[in-house]
Amino acid sequence: MLPAMQSVVPSTMATVSADGIPNLTYISQVFYVDDNHVAISFQYMNKSWKNINENPNITMILTHPVTIKMWKMNLVFEEIKYDGPVFDNMDMQLTAIASMYGMADRFKLKAALICRATDITVLYDGGL
Amino acid sequence: MLNSLPKNVVTVLTNYYSAVWLSCCNADKQPMIARLSSISIIDSDTIRCYIPAKFATELLPALIKHAPVSVMAACTETFDSYQVKGFIESVDKIQPELIEGQQNIIELFGKVLVRQGFSAENLYKAYADNDFAAVVIKVKDVFEQTPKTGTGTKINA
């Protein structure tokens, strides 16, 4: 699953407001923290961040860049980090990703959203 | 209130080289996502989204008339992205004669992404299906979603 978290294929994230309105966005980076947690890069989130504060449930689709194997990951937001080892590692990786696409100015990391994984489902088993 | 979908939004929504997604939520307010094969425009504020059946199984019970729904389209070449929000008008199985057209769109999408180093065959296998759901959505709002300052801005404000 780790190759799917390397942002070759951007992950898709959905959140829902307290009154049930969904919001979709692409996420540049989903970072492995430990066996139960990932960190999501916070860059341009407006509505998503508002939704997460109203309803911590998050659903993400991650895609393996070679096989196109797809996972659905249900997450619950736990905390936001503006510094520390996870933030620093994500910032470094994101700078490398952004350079690949010539978009370093657009991909500045503002924070890392630490989330607990509550369910992971294989949506498509891959093409190989 | 939306008068009509802007032309640049229609372009990104309907181009075969756009990646398109739909989201709704279940009764527990858990967000749900499905990859779409394509979007077509019905009239100035109504769109039809096609969902490969394999991605629709879990979603279908939540896709009920008047339920709020969001659709995001992102051009894979320019990163121009838009999100439309509205309410479900209807959900039906696709007419059999339209299945081949959806499969052709998925094949074209795969071929476009070969230029970015992806396998067209694997993309086709991932997204293609023999059955599709058609979801008609009445669009209420359109948002800029391109990754840049100002993303999330309502276009039809």
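Residue numbers start from 1 in every chain, and the chains themselves are labelled A, B, ... in the order their sequence lines are given, proteins ahead of strands.
Atoms CG and CG, on B:Asp28 and A:Asn55 in that order, are 10.0 Å from each other to the nearest 0.5 Å. Taken from CG in A:Leu24 to OG in B:Ser81, the straight-line distance is 11.0 Å, to the nearest 0.5 Å. Expressed to the nearest 0.5 Å, how far OH of A:Tyr124 lies from NZ of B:Lys125 amounts to 6.0 Å. Atom-to-atom distance recorded for A:Asn23:CG and B:Gln145:CD is 6.0 Å, nearest 0.5 angstrom. The line from NZ of B:Lys85 to CD1 of A:Ile21 is 7.5 Å long, rounded to the nearest 0.5 Å. Taken from NZ in A:Lys47 to CD in B:Gln83, the straight-line distance is 10.0 Å, to the nearest 0.5 Å.
Taking the side chain as every heavy atom from C-beta outward, B:Met32 and A:Thr59 never approach each other to under 4.5 Å.
Contact of B:Leu22 with chain A is made through the backbone alone, with heavy-atom distances under 4.5 Å. For A:Ser48, no part sits under 4.5 Å from any heavy atom of chain B, backbone or side chain. Using a 4.5 Å cut-off between heavy atoms, A:Met70 contacts chain B through its side chain alone, with no backbone atom that close. Contacts between B:Tyr127 and chain A at a heavy-atom distance below 4.5 Å involve the side chain alone, from C-beta outward. With a threshold of 4.5 angstrom between heavy atoms, B:Ala19 approaches chain A through its backbone and through its side chain.
Ranked by non-hydrogen atom pairs under 4.5 Å with chain A, the options B:Ser119, B:Cys25, B:Ala126, B:Gly152 are led by B:Ala126. If you tally non-hydrogen atom pairs under 4.5 Å between each of A:Ala14, A:Pro22, A:Gly20 and chain B, the highest count goes to A:Pro22. Taking B:Thr76, B:Leu113, B:Val69, B:Thr57 one by one and counting their heavy-atom pairs under 4.5 Å with chain A, the maximum is reached by B:Val69.
Cluster annotation: B:Val84 is not connected to B:Phe87 through the hydrophobic network of ILVMFWY side chains, with a link wherever side-chain heavy atoms come within less than 4.5 Å. In the hydrophobic clustering of ILVMFWY residues, with side-chain heavy atoms under 4.5 Å counting as a link, B:Val136 and B:Leu63 come out apart. Under a hydrophobic clustering in which Ile, Leu, Val, Met, Phe, Trp and Tyr are joined whenever their side-chain heavy atoms come within less than 4.5 Å, directly or via other members, A:Leu109 and A:Met92 fall into different clusters. Put simply, A:Val16 and B:Ile137 are part of two different groups of oily side chains (I, L, V, M, F, W, Y) that touch within less than 4.5 Å, one to the next. No chain of hydrophobic side-chain contacts below 4.5 Å, direct or via other Ile, Leu, Val, Met, Phe, Trp or Tyr residues, connects B:Ile42 to B:Val71.
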Worked verdict on B:Phe55 versus A:Lys72 for side-chain contact (heavy atoms from CB on, under 4.5 Å): CA-CA 11 Å; B:Phe55 298 131; A:Lys72 177 174 72 72; over 6 Å; no
side-chain contact (heavy atoms from CB on, under 4.5 Å) between B:Arg35 and A:Leu123, intermediate numbers included: CA-CA 10 Å; B:Arg35 180 68 162 78; A:Leu123 286 183; over 6 Å; no
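Under the 3.5 Å distance criterion, the side-chain polar atoms of A:Asn46 are matched with a main-chain donor or acceptor of B:Thr151.
Counting heavy-atom neighbours within 6.0 Å of B:Glu100 CD, excluding the residue itself, gives a total of 12 or less. Residue B:Lys111 qualifies as open at atom NZ: its count of foreign heavy atoms under 6.0 Å is 12 or below. Within a 6.0 Å radius of CD in B:Glu58, no more than 12 heavy atoms belonging to other residues, nucleotides or ligands are found.
Scanning both residues, A:Asp19 and B:Lys29, for their nearest heavy atoms gives C-CE, 4.4 Å. Residue B:Pro31 comes nearest to A:Thr15 through the heavy atom pair CG-CA, 3.8 Å, listed as atom of the first residue, atom of the second, then distance.
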